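Since we're looking at a predicted model, the values are computed, not measured.
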Amino acid sequence: MNYFKNIKNAFKFKNCINYIIVGAMLIISLVMSSMGELPRSSADLLAQMGYSILLAVSLNLVVGFLGELSLGHAGFMCVGAYIGCYFANSLYEVIDSKLLVLIISMLIGGSVAAVFGLIIGLPALRLKGDYLAIVTLAFGEIVRTIFKNQPAFGAALGLSTKRFGSDLYIVALIVVLISLFLIQNIIRSKHGRAITAIRDNEIAAKAMGINITYYKLFVFVFAAFFAGVAGVIFGSKVTPVTYSFFSFNYSIEILVMVVLGGMGNITGSIISAVFITYLNFQLQDKLPGELAALKYLVYAIILILVVIYNNAPKLAALREKLSISNAISSKKKSKNPAAQHDDKNRWDVVPTKIPMDEIVSTDLKQEKAYTPDKPEKGGTE
Amino acid sequence: MLSTLFDGLSLGAIYALIALGYTMVYGIAKMLNFAHGDIIMVGAYTILTTLTMNGHPIIGVVAAVLVCTVAGIVIEKVAYKPLRGASPLAVLITAIGVSYFLQSVAQLIFGSKSQAVQLASFGTVKIANAEINIGTLITLVVGAVIMIALTLFVKYTRTGRAMQAVSEDRGAAQLMGVNVNKIIMITFAIGSALAAAAGVFYLLQIPAVSPTLGSMPGIKAFAAAVIGGIGSIPGAMLGGVVLGVVEKFALSVPALAPYATAIEFALLILILLVRPIGILGKKRREKV
Amino acid sequence: MKTFKKVVAAAMSLALIGSCFAGCGAKNAKSGAAGEYTANNTEYFIGSTGPLTGDAASYGISVNNGAMLAVEEINAAGGLNGVKFKFEMKDDKATAQDATTGYNSLYEAGMQISLGSVTTDSCDSFATSAVEDNLFYITPSASAAKVIDGRDNGFRVCFGDPDQGTLAADYIVETYKNAGVIYNTSDSYSMGVYEAFKAEMGVKGATFTEATFDAENNKDFSTQIATLKDCDVIFLPMYYTEGSLICKAATAKGCKADLIGTDGFDGIADLIDSKTVSNKVKYITPFDAESKNETVSKFVESYKAKYGKTPDQFAADGYDAIYAIYNAMKAAGVNDVTIAPSDLCETVKASITASDFSLTGATGTMTWDATGACHKELQFKDVL
């Protein structure tokens, strides 16, 4: 019984939407390409969007679902790109099919990156929050410095890689679809719930018997794998692959995509990855010379404003007023108030995270009035 | 060898001054101010502007300290205060935004090219058959004086004790009549002033300024603060000095020199693995 | 509610994707056969990419200025058989991926011939695409050997890194006893010159002390100077920004060595003076703005008149690169403004490597061989 219900659920719109977006991109571009209307720059841009989506979604796994801040995501991409493309260079001499070489090198790059994800995950078990952030940042820099100095990988000149050609975007988007399938299935299973439970309250999760070590390592390895694959796609598009691309700044750009899209929100990550890649492309073209700094200025201001708007406790009332979801649900409520309780999906909109010092010093806070336990807030108002 | 040691100590003093800013803000306002490194850049550009207007270097230094302090206070009020009580991740991301903001404004005003800033030219002095630049010595001495002054300030003055109180238990401090907002503002002000001083010493060693000046030193100083134990003032000083000395010694060995940054960060990871709260950090108990 | 939000999200993203295709489809954009992008050209389109922002911005801006000056002069003199030239440089921030993006937009806008890229990594990336399309490129400044190696459509105006390294080694072995070198491990230009220097020193049987730095992370050179304190000459194959810092550090540390740089040192005169640096400083360059040579002084005059400052070597290289293209096209009798890039490439290649072809420009008298390398005279220029 449940089995068929699960399958039926899988085809509901809200579960499919990610596939629809990426699938639409793929189909539209294939159609245009067959009509000869797809210029090389668009094909390039689509491939770039492909690996940006992979990066944003995989970082979202760590930051949004596990709740740990990782500032070294570009480091995983770096490992995947260098090692995957290094093997690709050798494989091209043995294997004729470009596609096969790409697939094998993606798997190699992803796996090696996953190993590094394990290496980073191990300190993650002992460290919390800001400390983990700095360790991931350090990792990214270490990886970059090591590759920078290896003659085998081209040292400062970078690794010369073979371009895959203008069909790369097709492979990239298909890889994105496959990855989405894998990621979404994990998220929607009991494993995904365990991961978000760790984010919300680690000690309670441990008390419920969730194996923290296993899941933390799992998320890092999983996320690193996809970052590595993204790196190989990048390496098949850009040559030479140089260490300077995988800087801390790029890790931040990926983080911006995740934050803008909403943490824990995969659809949001996809949209913001596409949007930011597109924005970068347009701005690079249109802003001449020193005005290019204007782009970072606008970026920075948007980032600050969006984050403050979304997170400032004092703006909570303003957010409630302007929220689209509340506007819709207030209409729904008037129809059938009782239905709210049956809606299984409502519970994950509600923030269940209860910071410890809010509980401890709740009476001493001057700004906020006393509020009851959080879970009730979403369900009954 | 001795020359490398002095260089390391003086670089360590610079990192320590920046790390102090990070650690104080973290301990008292409970947030990571990623934009701290860029305050150095603001100070350096202030000095450049003063020198271009034919002002005396001392005026430049004073102006830098003033401008940085004001900048720090403004940033706190505009970007961080609205987020008090929000998740640390949100604050961190805003801080990153502020950092980019400062860098792009600097680039729009001054251009992205590196510009020379000749603050002062010092000769060298011979100490035990090593040529030590006087600027290095000045950095060491003045840096040490500033750090001692800060420690005394925090320990013995009323405001200093109030800062300690806020860092230990904000709610209780508020109950005891401490104006938390004012204390946080003062913390940012002091941190930024220290960053300005770090900027001055930095310019003495490397007489050039560019919009991305503060980015790497900021990250390294952050690492230094974490090594020493974030939230602890002596920890920041220790971490800064350790990192500076390690960096200079790594650079002086030709085989290790290209990996100097990697070595510093590897040291960070190592120390964190062995002692997760940092060398002098305080253990925080997590209650359920 | 959640579904509604997702519908909105989907609609927005589809609109976004649609708009990016809309913009692209509008041009004469048919992917595929060569020559289809140039069918609507009314001027000969010379393209290039270079760093117009970022740390290397001064190089890109200089090349851009020099090239634009040349194009204006040519157009004012009537162009080629009455047809004018158009030059555009896209900003690549000295990175490989932006160079490719720039290449693509230029190519789709009708680029027929190019100046490649200004910096080495970008030019390597540009060249990979140029080889696929058989587009001719002559880079004013990307000097690493691999930029034109094995690519018969690639040429350069500047010296290769190996040439400078070899020349420096020969000069140093003749003139000094105790040589040292400091080089930048994070920069392909620096590494390229250093490798050639090391090889030639090995050939001459001479030894030297070395120190390295990584410009990304370390801007303080006291340690390196300390390592080389006994040298009487220090070779500095790097760009002028770090070069100026090393010169100042040498003085600050009481090092008395002569400091010799390569063509990347052009521009250092703005950053150092006799008050801050007491050592003797000179560098290898084909271009001397103070030269009394007629072609050079005419160029310097026009550049100053147009831009208000003295041109550096990059500007001179950009200027010469444009004239090289123009002269080669003129000698080959090119007459079709819609000529496809590939055809133009073959024509210009044959013309520029012809044994009677030479160009006297701002950087001297140059000839080219089939490998794409440029032959001209090198000289030392004293700064302090």
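Interface residue B:Tyr26: only side-chain heavy atoms are found under 4.5 Å from chain A. For chain B, the nearby part of A:Leu71 is the side chain; its heavy atoms alone come within less than 4.5 Å. In this structure, the portions of B:Leu273 lying under 4.5 Å from any heavy atom of chain A include both its backbone and its side chain. Proximity to chain B involves both the backbone and the side chain of A:Ile134, based on heavy atoms less than 4.5 angstrom apart. Proximity to chain B (any heavy atom under 4.5 Å) is restricted, for A:Leu137, to the side chain, taken from C-beta onward. Looking at A:Ile308, both its backbone and its side chain come within 4.5 Å of chain B, counting heavy atoms on both sides.
No option in B:Ile263, B:Ile269, B:Leu268 other than B:Ile269 meets the side-chain contact (heavy atoms from CB on, under 4.5 Å) test with A:Ile142.
The two residues B:Pro258 and A:Thr145 make their nearest non-hydrogen contact at O-CG2, 3.4 Å. In plain terms, the two heavy atoms of A:Pro313 and B:Pro82 that are nearest each other are CD-O, 3.3 Å.
Partners of A:Ser269 under the side chain to side chain donor-acceptor pair (under 3.5 Å) rule, at least two apart in sequence or in another chain, are A:Asn60. Scanning for side chain to side chain donor-acceptor pair (under 3.5 Å) contacts around A:Ser247 gives an empty result, with sequence neighbours left out. A search for side chain to side chain donor-acceptor pair (under 3.5 Å) contacts involving B:Asn181 returns B:Arg84, not counting sequence neighbours.
For the set A:Ala300, A:Ala207, A:Ala138, the entry with the most heavy-atom pairs within less than 4.5 Å of chain B is A:Ala138. Heavy-atom pairs under 4.5 Å with chain B peak, among A:Ile304, A:Leu69, A:Val259, A:Val135, at A:Ile304.
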**Message:** Using side-chain contact (heavy atoms from CB on, under 4.5 Å), reason through B:Met216 and A:Glu141 one step at a time and then give a plain yes or no.
**Reply:** CA-CA 11 Å; B:Met216 228 341 149; A:Glu141 288 298 307; 3.3 Å; yes
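Note: A:Phe147 and B:Tyr259 fail the aromatic proximity criterion, with ring centroids not under 6.0 Å apart.
Between atom CD of residue B:Gln103 and atom CG of residue A:Leu297 there is a gap of 11.5 Å, rounded to the nearest 0.5 Å.
Contacts with chain A (heavy atom to heavy atom, under 4.5 Å) involve these residues of residues 91-101 of chain B, listed by number: B:Leu92, B:Ile93, B:Thr94, B:Ile96, B:Gly97, B:Val98, B:Tyr100, B:Phe101.
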